[in-house]
Amino acid sequence: MDPFRGLGMPRIPGLSELLSLLQTQTEALAQLPRTLSDLNGTVRELTQATTMARETIESAQRIAERLEDLVEELEEPVRALRPGLERVGKVLDDPAVDTVPDTLRRIHEDLMPLIHGLRQAQTRVGSVTGLLRRRPRDETDDGYGPV
């Protein structure tokens, strides 16, 4: 597009290209403040993200240090438990352990009635002996019957 077309002036070769380039450059320069502002905002956001990442990493390092201290503190006692746990494992693997619930049930079924009977007998004997202690004796009575 030639700006002098229609004015009766002869066309100068390359002038329209030069004017087009100048116009493009002027538009780019007009956009520069906005671009710089956007860039500045992006840099601020990047700085905030970097700060948050640094704080997160520091927090993770503190947690890792605490975990390491706990592991060091617990390591020796846990290692000391190992032989006992292995023995318990061997005992629990024994087939006899599987019979324990049934054995306990049978003991409960067989012994509980006997224990109940013994308690009743104990209560009766206690009440009889209580009666005997309360009954007054004659002074001549030696406790073996009439003389």
Side-chain angles (χ1 to χ4, degrees), residues 1-3 5 12-147:
M1 169 169 157
D2 192 353
R5 180 180 288 175
I12 302 172
L15 180 63
S16 56
E17 289 84 16
L18 178 64
L19 289 175
S20 176
L21 284 173
L22 286 174
Q23 183 178 1
T24 304
Q25 184 180 11
T26 304
E27 290 172 359
L29 287 174
Q31 294 278 335
L32 187 60
R34 181 173 175 231
T35 303
L36 288 175
S37 176
D38 290 347
L39 180 62
N40 195 13
T42 304
V43 168
R44 265 192 242 115
E45 290 175 8
L46 179 62
T47 302
Q48 288 174 349
T50 304
T51 301
M52 287 177 57
R54 182 179 48 82
E55 291 170 356
T56 302
I57 290 170
E58 289 173 357
S59 176
Q61 283 178 320
R62 286 192 303 272
I63 291 170
E65 289 170 3
R66 288 177 59 194
L67 286 173
E68 189 174 324
D69 291 343
L70 284 172
V71 167
E72 286 177 12
E73 187 177 322
L74 293 174
E75 185 174 12
E76 186 178 330
V78 168
R79 286 185 190 269
L81 289 173
R82 183 177 180 185
L85 290 174
E86 288 174 348
R87 286 192 303 271
V88 167
K90 288 177 184 175
V91 168
L92 291 176
D93 285 341
D94 190 331
V97 172
D98 293 336
T99 65
V100 169
D102 188 45
T103 304
L104 291 174
R105 183 187 49 74
R106 281 197 326 245
I107 288 171
H108 180 73
E109 289 173 355
D110 295 344
L111 290 182
M112 289 310 286
L114 293 173
I115 292 171
H116 180 68
L118 287 173
R119 284 187 183 152
Q120 285 179 337
Q122 181 184 17
T123 303
R124 288 181 190 142
V125 168
S127 63
V128 168
T129 58
L131 287 174
L132 292 176
R133 284 187 200 151
R134 286 188 220 134
R135 197 170 103 196
R137 293 186 187 174
D138 291 337
E139 290 179 16
T140 60
D141 189 12
D142 61 358
Y144 292 110
V147 181

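Taking the side chain as every heavy atom from C-beta outward, Leu92 and Val88 approach each other to under 4.5 Å.
Counting heavy atoms of neighbouring residues, nucleotides and ligands inside a 6.0 Å radius, atom CD of Gln122 does not exceed 12 of them. More than 12 heavy atoms of other residues, nucleotides or ligands sit less than 6.0 Å from atom CZ of Arg54.
In plain terms, the two heavy atoms of Pro83 and Ala80 that are nearest each other are CD-O, 3.3 Å. Heavy-atom minimum distance, Val91 versus Val97: O-CG2, 3.1 Å.
Glu76 CD to Leu81 CG: the interatomic distance, rounded to the nearest 0.5 Å, is 11.0 Å. Atom CD of residue Glu27 and atom CG of residue Leu32 lie 14.0 Å apart, to the nearest 0.5 angstrom. With rounding to the nearest 0.5 angstrom, the CG atom of Asn40 is 8.5 Å from the CG atom of Leu36. From Glu72, atom CD reaches atom CD of Glu75 across 7.5 Å, with rounding to the nearest 0.5 Å. Atom CD of Gln48 and atom OG1 of Thr51 lie 7.5 Å apart (nearest 0.5 Å).
Side-chain atoms of Ser59 do not come within 3.5 Å of backbone N or O of Glu55 as any donor-acceptor pair. Listed for the Ser37 side chain is no donor-acceptor partner under 3.5 Å among the backbone atoms of Pro33. For Ser20 (side chain) and Ser16 (main-chain N/O), no donor-acceptor pair under 3.5 Å exists by modelled atom type.
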May I have the step-by-step check of salt bridge (charged side-chain N to carboxylate O under 4.0 Å, His left out) for Arg106 and Asp102, ending in yes or no? CA-CA 6 Å; Arg106 281 197 326 245; Asp102 188 45; 3.2 Å; yes

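Residues meeting the side-chain hydrogen bond (donor to acceptor under 3.5 Å, both in side chains) test with Arg44, sequence neighbours left out: none. Residues passing the salt bridge (charged side-chain N to carboxylate O under 4.0 Å, His left out) test with Glu109, sequence neighbours excluded: Arg105.
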